[in-house]
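Here the structure is laid out as structure tokens; the discussion comes afterwards.
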Amino acid sequence: MKNADATTRAAEVQSADGAEVCPPAGALDVRTRDRVSELLLQEGSATATELGLALGLSPAGVRRHLDAMLAEGLVESRERPERGRRGRGRPARVFTLTAAAREALPHTYDGLAAAALRWIAEHDGPGAVSAFAAAQVAGLEERCKAAMAEAGADPLARADALARALTAEGYAAGATTIATGGQLCQHHCPVAHVAAEFSQLCEAETEVISRLVGTHVQRLATIANGDGICTTHIPAPVQPGARPDRQRIVR
């Protein structure tokens, strides 16, 4: 493991007149924890002593950060296997990042997904991207359908049930009744950055919404297009025998 450069002075900053000052202790703690995480990511695992040597900190100081990270589920520890005869004292403990800690680190999933779709479009055409998008939302459709099993046949009631199902999937959705029917609003889109380039993802999702509520729907706004909320209009059901301009709005 490589030693950090000038570790004892890494936390120091300069004021406007050139004098060296130290940032608040809380900022130092966050910075040190970030550096601990980076080292564990690079090395895979390390002891408190090894981390301290690399960071220019005492093992006790590093253990204070590791104890906090253990309590938050960001690292886990285990005894390091000893080769040969074990010496005196307790065996060394090594620390590794947990899956939760890795998920919190910056990712390039959006860039990778967009690159993959560009490759598909270049080699197989836009239709292949649409087929991929449909396959991606198929699982979501099945889960929402199961959650909506008791929703009945009314499209607006089904939209309300769908909103609850989508919220459980992380879309932060809600349904409202308006003069012309209803609206399904999604306040979060997990694929917004990729959908901004590939509208097929939004189109596939709209088709799923239409099938699940049981009527034609119209997308009015999308987060991928720069709007604050994905908004889908659901027309009110036409009552039997009623003229289209005199239909009753089901609430």
(message) In this structure, would Y171 and V213 fall into the same cluster of hydrophobic residues linked by side-chain contacts under 4.5 Å?
(response) yes
(request) Please check if the side chain of T231 supplies one atom and the backbone of C185 the other of a donor-acceptor pair under 3.5 Å. (result) no
(request) Mind listing the closest non-hydrogen atom pair of A165 and A147 along with its distance? (result) CB-CB, 3.9 Å
(message) Check this for me: H193, atom NE2, are more than 12 non-hydrogen atoms of other residues, nucleotides or ligands nearer than 6.0 Å?
(response) no
(request) Return yes if some donor-acceptor pair links the side-chain N/O of R219 with the main-chain N/O of C230 below 3.5 Å, else return no. (result) no
(request) Taking all non-hydrogen atoms of both residues into account, name the closest pair between V217 and P235 and its distance. (result) CA-CD, 4.5 Å
(message) Would you say that L74 contacts R33 through its side chain, given a criterion of any heavy-atom pair below 4.5 Å between the two side chains?
(response) yes
(request) With the side chain counted from C-beta on, respond yes when L166 and L140 share a heavy-atom pair under 4.5 Å apart, and no when they do not. (result) yes
(request) Verify the cluster assignment for L117 and V137: are they in a single hydrophobic cluster under the rule of side-chain heavy atoms below 4.5 Å apart? (result) no
(request) Could you tell me whether the side chain of F198 reaches within less than 4.5 Å of the side chain of P126, counting heavy atoms only? (result) no
(request) Please name the pair of heavy atoms, one in G73 and one in A100, separated by the smallest distance, quoted to 0.1 Å. (result) O-CB, 4.1 Å
(request) Could you tell me the separation between the CG atom of D227 and the CG atom of L220, rounded to the nearest 0.5 Å? (result) 9.5 Å
(message) I need the I120 CD1 to Q200 CD distance, nearest 0.5 Å.
(response) 10.5 Å
(request) Inspect the contact between R35 and E38 and indicate whether a charged nitrogen and a carboxylate oxygen are less than 4.0 angstrom apart. (result) no
(request) May I ask you to test the L51-L40 pair for a side-chain heavy-atom distance under 4.5 Å? (result) yes
(message) Measuring from atom CE of M148 to atom CG of L162, what distance do you get when rounded to the nearest 0.5 angstrom?
(response) 5.0 Å
(request) State the OG-CZ distance between S37 and F95, to the nearest 0.5 angstrom. (result) 13.0 Å
(request) Give, for atom CD of Q183 and atom CD of Q218, the distance between the pair rounded to the nearest 0.5 Å. (result) 10.5 Å
(message) Going by side chain to side chain contact (heavy atoms under 4.5 Å, CB included), L39 matches just one of V62, L55, D34, L97. Which one?
(response) L55
(request) Give, for atom CG of D124 and atom CZ of F132, the distance between the pair rounded to the nearest 0.5 Å. (result) 12.5 Å
(request) Identify the residue among Q186, H188, R143 that makes a side chain to side chain donor-acceptor pair (under 3.5 Å) with E169. (result) R143
(message) Minimum heavy-atom separation for P237 and P155, please, with both atom names.
(response) CG-CD, 3.7 Å
(message) Looking at every non-hydrogen atom in both residues, tell me the closest pair between R158 and L212 and how far apart they are.
(response) NE-O, 2.6 Å
(request) Over all heavy atoms of both residues, which pair between L201 and A133 is shortest? Give the atoms and the distance, please. (result) CD2-CB, 3.7 Å
(message) In the structure I gave you, are the side-chain heavy atoms of R211 and E207 within less than 4.5 Å of one another anywhere?
(response) yes
(message) Quick check against the 3.5 Å criterion: does D110 have a side-chain atom that pairs as donor or acceptor with the backbone of V194?
(response) no
(message) T47: which residues meet the side-chain contact (heavy atoms from CB on, under 4.5 Å) condition with it, sequence neighbours left out?
(response) T49, E50, R80, A92, V94
(message) Tell me whether T206 contacts the main-chain N or O of C202 through its side chain, where contact means a donor paired with an acceptor under 3.5 Å.
(response) yes
(request) Please examine the side chains of M69 and E72, heavy atoms only from C-beta on, and report whether any two atoms are closer than 4.5 Å. (result) no
